[in-house]
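Data block below; observations after.
Each chain gets a letter, A, B and so on, in the order its sequence line appears, and its residues count up from 1. In this text, all values refer to a predicted model and were calculated from it rather than measured experimentally.
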Amino acid sequence: MEKRKEIFPFGIPGHNLSEIEREIPNDEPPAWPVNDQLKEVGKRVNRIDARAKVTGEAKYTSDMKLSGMLYAKFLRSNIPHGSITSIDTSEAEKVPGVHGIHIITKNKEDGMVGNEYPEIKYVGQPIAGVAAESLSIAKDAVAMIKIEYDPKSFVIDLEEAMLPDAPLVFKEPIQRQEDGGDVGVVHDGSKGQGNLRGPTTSSFYGGPRGDLEKGFAEADVMVENTYRTQVHTHMPLETHGVVIDWKPEEMLVYASTQNTAGVRNELANYFELPKSQVRVICDFMGGGFGAKHSAGSFGPMAAILSKKTKRPVWLMIDRKEEHLAEGNRPSSIQTLKIGAKRDGTLTAIQQKSHGTAGVALGAGVGRIAQILYDCPNFKTEQYDVLTHAGPGAAWRAPGNVQGAFGVEQAIDELAEKLKMDPLALRDKIDKSEVRKVERSRGAELFGWSNRKPAGSASGIIKKGMGVAQSCWPRFVTLNSSIEVRILNDGSVEVRGSVQDIGTGTKTILAQVVAEELGLKTTDITVRIGDTLFPDGPGSGGSVVTQSITPPARNAAYEAKMKLFNQIATKWETEASKLEAVDGFIIHKDDRSKKIPFKEALRGMRTSQISVTASRSNDYGGFQQPWGLAYGDLGSVQFAEVSVNTNTGFVKVDRVVAAHSCGRPLNMSQLESQVNGGVIQGISYALYENRVMDKGTGHFMNANVDQYKVPYSMEIPEIEVIIVEEYGALSSTDAYGIGEPANIATAVAIANAVYNAIGVRIYEIPITPASILKALNKIYE
Amino acid sequence: MSNEITISVNGKSETHTVEGRELLVDFLRERLSLTGTHVGCDTSSCGACTIHMNGQAVKSCSILAAQADGAEVTTIEGLASNGALHPLQEGFNEEHGLQCGFCTPGIIMTAADFLQNNSNPTEHEIREALEGNFCRCTGYHNIVKSIQYAAKKMNA
């Protein structure tokens, strides 16, 4: 590929904006200037799919109605551990309207000991499925299936599961991670003994470094504490599920998924079909937050029932099933030991964690302790503890949200020991330029200078202020392609398998293509979430924006140049002399020579120009053998709380969230993403908690009323600062923001609670009971 | 047990024989294919299934279809008139009051009822009115702004 040199904006406007020269592939477009010189990109553009959503026209997977469609329901285990000795479906089969029943049998991974039914390892494990003419008939039939179990002893509590005589969840080594999991961490379930698996000692970028002993010997001050986080579930408002029509020529799958291409690959692999014979569509989906990357057990179940009955099958799980079996953020018990010199310089960080993702792996605490601050000596040991509970799954910034809760409290504690302001300490030990700007802009907006010493507030309701930081890698999925088609009526279409999980992917694609073609965002038709079109990334790890918007711009640019070539011939000039601006194609040297974009298309040789482009290496050539994730995104969040010292009630009054995501594409959508991340962080800090009954192994609050989540009254004022940061890394230089948005919130709240009452809470959720206990007002 | 019922849905009379246990939300979604009314929880906690019955916002997962016999029902599909969006629908578009959009129809129906009774609400009153509707994505702020947008437009 021939290359040329281009000058790009580089750095942070209002701070250190400069320019940088990069070599870029010849077929990629010229550098964009900073956002204030662009017309569609970076602006508060309305969502192109909002109309469909506000009128009820948007069809989610659960809304699909295919001709002859049957409704399916799972039968799930009611015991946490045991073998199935018999299943009798004879009565269920007789229910009028029942068309098919499928019982799950062992596959190779389960081993071949015992009978054909997989061992039950948690309450809610799928056992069988029924397809019937209505959902109520399917439910009736499920209730008539008779199962006999041989129950075995089980273990729910993480610490009990680590005891030598604890009932074993898996006797064998395991590799499987049910659904996503801890980003970048290589889990090895074959290491360790009993229910204790691991440790993982290296995370994405690195692993152990330096000499811990030497580092601690050099320290003047030490902080050592244990931090605990709970299990919380994703609770997307639309549950997991699919509608599958397995026709002889093709398996057609409507899926509520974050990864259409991934689900296609999974089903093709499961049923040994060519990928070309599985089509997965996700036009609208009702949230995922990390839990919806996979075809799960509902995908194969619906497919088998569709094959058996020769009819389309609808299989959406219900809210209780969602809580029990479709993912959660694993718990953690983390010990952190940090040493520092008197001036704040860190000398050593030691981290050890145990977490449970139930029957799955993926309970690490991420890489935040390893990467956030400059420290020459570092070691982590992260253990997975298996328990008889539903599997964990990737959950917005997996691992790092738990990890941040430990690290950013420890840094707060260190600041206090050093008699330094928490922000001043971070200025000293944090090398990130963007977080420096975020600290300064955030502190000013928040009014950090009004913060008082911990515990100095008077009165019954005490106010406190806290801060915390986060980082997240700029993961790029290089296998990301998209097609741009310019049709001869002047319309423009963007096509890809990448899906919009609600963040606004459709809109940013339209903005980027419109900017390149000199059109309006509303001129662009975006058809995505369909594996009939080129493969895009999964919507996880905040990868989408940086993976798919550069190829979208590049494809639009290449299509435009093809069009320019045709026009240039007519105008007896060169394509390089033309530009597309404000709906016109204009001759740069003679601006009176122009033609409306639509008209220009009329004389095209073919009825369309179609270009598919794929993500290339970052400008600067940062791709590594394992993939691409050059540098980190940073954020700083500030929280103000009121703590009622009589009732123990904590109210978050304000949050200021300062974030970076390269070149911002749509300010309104970014603010929405950060708002959403912040409320999930508030919820994690104060409300959400999976309550398991140790005696029965049942999840006691698997619903929406007892599983506490914030409604409108619980949400404080949230102010979002988006710091533009140009890195000259791709043709859009834009990044996602979903994951970093909720890493720092819970720990900023914990630090604020400490500042309010002068007693530190080491465990979330921070409930009225935990506040009153900390204040010695109630005793266990 | 089956009953023949007649419900006026978005101005159109619908007569069907329903099972006693059939929920109004299933009647709307399954029989009439009005899938803009969503199901989020099955336990009347999330509000995604909110519709208007005889002018009042109700959670259609907590009402039997048979109970709605003779009632006038409006769903999200019936809110726009002659192709013109309701000010609330416009507000949710203009103020980015949605992300995934799954909760949106229910929230709009709740807000439409609320604004009928309180045409000039404070932010606090709006937040109180939304206490029966759960949104996992947006953080509620832009939802409140969208409702304020609609109130202003309806008062103009």
Side-chain angles (χ1 to χ4, degrees), chain A residues 44 46-47 49-60 62-65 71 134-136 234-239 284-289 316 318-320 500-504 666 668-669 671-680 703-706 709-715 717-718, chain B residues 19 21-22 26 29-30 33-48 75-80 85-86 88-105 108 124 126-144 146:
Chain A
R44 292 183 177 277
N46 282 355
R47 287 170 185 263
D49 57 352
R51 194 187 160 95
K53 289 176 177 176
V54 300
T55 55
E57 284 162 19
K59 294 284 179 213
Y60 296 79
S62 47
D63 301 333
M64 286 300 152
K65 303 259 175 285
Y71 293 77
S134 75
L135 189 55
S136 27
H234 301 68
M235 232 169 80
L237 204 49
E238 183 188 39
T239 56
F284 291 94
M285 67 95 85
F289 314 111
M316 300 298 296
D318 67 24
R319 180 57 54 195
K320 185 178 178 187
D500 188 337
I501 68 165
T503 53
N666 186 325
S668 301
Q669 293 192 160
E671 286 168 3
S672 282
Q673 278 281 86
V674 175
N675 284 341
V678 167
I679 66 159
Q680 288 171 358
N703 49 43
V704 186
D705 54 336
Q706 289 155 319
V709 283
Y711 283 66
S712 51
M713 294 294 280
E714 283 74 44
I715 295 309
E717 188 184 347
I718 303 169
Chain B
E19 271 190 275
R21 63 178 174 174
E22 186 166 327
D26 295 327
R29 286 177 55 82
E30 304 307 326
S33 291
L34 293 170
T35 55
T37 302
H38 296 145
V39 177
C41 71
D42 311 309
T43 51
S44 75
S45 314
C46 79
T75 69
I76 189 71
E77 291 90 346
L79 201 60
L85 291 183
H86 185 280
L88 276 163
Q89 292 172 312
E90 211 181 295
F92 275 73
N93 181 21
E94 292 296 327
E95 298 291 343
H96 283 252
L98 54 83
Q99 284 193 282
C100 84
F102 201 79
C103 70
T104 309
I108 289 179
H124 187 81
I126 294 173
R127 286 183 181 270
E128 266 182 351
L130 291 176
E131 271 297 87
N133 290 83
F134 175 58
C135 169
R136 189 59 151 172
C137 303
T138 66
Y140 300 102
H141 278 289
N142 291 344
I143 293 174
V144 173
S146 306

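In this structure, the side chains of A:V54 and B:I108 come closer than 4.5 Å at one or more pairs of heavy atoms. In this structure the side chain of A:R319 never reaches within 4.5 angstrom of the side chain of B:V39, judged on heavy atoms.
Here the closest heavy-atom approach between residue A:L237 and residue B:A48 is recorded as CD2-CB, 4.3 Å. Minimum heavy-atom separation, B:R136 to A:V709: NH1-CG1, 3.7 Å. The heavy-atom pair separating A:T55 from B:Q89 by the smallest distance is CA-NE2, 3.7 Å. Annotation for B:H141 and A:I718: closest pair NE2-N, 3.3 Å, computed over non-hydrogen atoms.
Judged as a ring-ring contact (aromatic ring centres under 6.0 Å, His included), and not counting sequence neighbours, B:H96 has no contacts.
Looking at A:M713, both its backbone and its side chain come within 4.5 Å of chain B, counting heavy atoms on both sides. For A:Y60, the part lying under 4.5 angstrom from a heavy atom of chain B is the side chain only. Of the two parts of A:K59, only the side chain, counted from C-beta on, holds a non-hydrogen atom closer than 4.5 Å to a non-hydrogen atom of chain B.
For B:R29 and A:D63, the salt-bridge test passes: some basic side-chain N is under 4.0 Å from an acidic carboxylate O.
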- Message: side-chain hydrogen bond (donor to acceptor under 3.5 Å, both in side chains) for A:Y711 and B:E128? Distances and angles first, verdict last.
- Response: CA-CA 9 Å; A:Y711 283 66; B:E128 266 182 351; over 6 Å; no
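Heavy-atom pairs under 4.5 Å with chain B were tallied for A:S136, A:G504, A:S134; the largest tally goes to A:S136. Contact tally against chain B (heavy-atom pairs below 4.5 Å) for A:A58, A:A52, A:S672: the top residue is A:S672.
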